[in-house]
Amino acid sequence: MGQPTGTLRMTAPAGFSRHALPQLVAAYRDAFPSVKVEVTFTNREIDLVAEGIDLALRVGPLKDSSMIARKLADGFGGLFASRAYLDRQGVPKTIEDLTGHRLIGFGRATSAKMRRGGKLVDVPFDAPIMSNDFHMTRAMIDLDLGIGYLPALMAEAGSYDPPLIRVLPEYSSVKTALYFAYPRQKFVPARVKSFVAFATARAADFKS
């Protein structure tokens, strides 16, 4: 692998990777100052070749055989609320108790598949407030507006004070994996190889 140079253009899911990724990019730049890094956050699964993107961080499993995939970490999501909200409204003890709470939904779904023990169950989640961006969900939870679904990585990020409280911790989403994906080609740029190697060596920062 030659000395990496040039501009590394990468994409990541909006609202999903903004906690560990900035620190990772900064540390990579310290190690490889000759590489510029350009990050675009989007939920759109773009054509990397057509749009001139070197590398994508995606939630797997990947289906595109024209891409090389390198697993970064496993993660899961759960239900979270602020301490102030729970002190005011009470802590739900069962899934049925959620009907008496204000909920903050992700996307338009009115229920979510979650895991309890070894079983998958449908958790009703008919929320009056919905968003397709986890940062908005997190902001509304921080405003003590209700109980919302978040990736554990984002909910438990150490930069927030006070921390969120896990609600009904026996329920969690099905584990998903984060992958790096890049075009299958004869010569993979050194900037791509070096970033993937650098990130996977620090995969613990992405574990949730």
Side-chain angles (χ1 to χ4, degrees), residues 12-21 43 45 57-63 69-142 144-181 199-200 202-208:
F16 193 82
S17 311
R18 297 182 197 176
H19 292 281
L21 195 56
N43 289 326
E45 192 164 304
L57 183 61
R58 290 179 174 170
V59 178
L62 302 183
K63 300 176 182 178
R70 293 289 182 265
K71 186 175 178 179
L72 178 60
D74 288 313
F76 70 92
L79 303 177
F80 293 87
S82 68
R83 169 54 65 192
Y85 172 83
L86 295 175
D87 285 347
R88 186 174 69 245
Q89 301 294 334
V91 179
K93 303 296 185 184
T94 67
I95 285 296
E96 289 73 23
D97 290 344
L98 289 177
T99 58
H101 282 267
R102 286 182 289 176
L103 304 179
I104 301 164
F106 184 77
R108 297 177 177 176
T110 57
S111 65
K113 286 281 188 185
M114 302 194 80
R115 186 182 59 216
R116 187 177 189 275
K119 295 182 179 179
L120 282 178
V121 296
D122 276 311
V123 176
F125 214 78
D126 192 2
I129 302 175
M130 295 167 284
S131 170
N132 69 342
D133 183 83
F134 284 127
H135 273 263
M136 184 169 176
T137 301
R138 171 81 211 215
M140 290 188 289
I141 295 173
D142 284 331
D144 311 322
L145 295 178
I147 297 170
Y149 172 85
L150 286 173
L153 172 67
M154 186 172 185
E156 297 168 358
S159 59
Y160 287 100
D161 185 40
L164 297 185
I165 306 299
R166 182 86 182 269
V167 175
L168 298 171
E170 65 272 24
Y171 290 87
S172 64
S173 71
V174 177
K175 277 197 173 185
T176 56
L178 285 175
Y179 288 88
F180 281 122
T200 52
R202 290 158 178 77
D205 293 339
F206 286 83
K207 288 182 179 178
S208 55

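- To the nearest 0.5 Å, atoms CG (Leu72) and CZ (Arg58) are separated by 14.5 Å.
- Partners of Tyr149 under the ring pair (Phe, Tyr, Trp, His ring centres under 6.0 Å) rule, at least two apart in sequence or in another chain, do not exist in this structure.
- Nearest approach of Thr137 to Gly148, heavy atoms of both residues: CG2-CA, 4.5 Å.
- Under the ring pair (Phe, Tyr, Trp, His ring centres under 6.0 Å) criterion, the residue pairs touching residues 102-124 are Phe106-Phe134, with sequence neighbours excluded.
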When the side chains of residues 75-95 are checked against the rest of the protein, which donor-acceptor pairs come out under 3.5 Å, sequence neighbours left out?
residue, atom, partner, partner atom, Å
Ser82, OG, Tyr85, N, 3.1
Ser82, OG, Asp144, OD1, 2.6
Tyr85, OH, His101, ND1, 2.9
Tyr85, OH, Arg102, N, 3.1
Arg88, NH2, Asp144, O, 2.9
Thr94, OG1, Glu96, N, 3.4
Thr94, OG1, Glu96, OE1, 3.3
Thr94, OG1, Asp97, N, 3.3
Thr94, OG1, Asp97, OD1, 3.4

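- The distance from the CZ atom of Arg70 to the CG atom of Leu57 is 14.5 Å, given to the nearest 0.5 Å.
- Taken from OG1 in Thr200 to CZ in Arg202, the straight-line distance is 9.0 Å, to the nearest 0.5 Å.
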Throw together a table of side-chain donor-acceptor distances under 3.5 angstrom for residues 110-129, partners on residues two or more places apart or in other chains.
residue, atom, partner, partner atom, Å
Arg115, NH2, Ser172, OG, 3.2
Arg116, NE, Tyr171, OH, 3.4

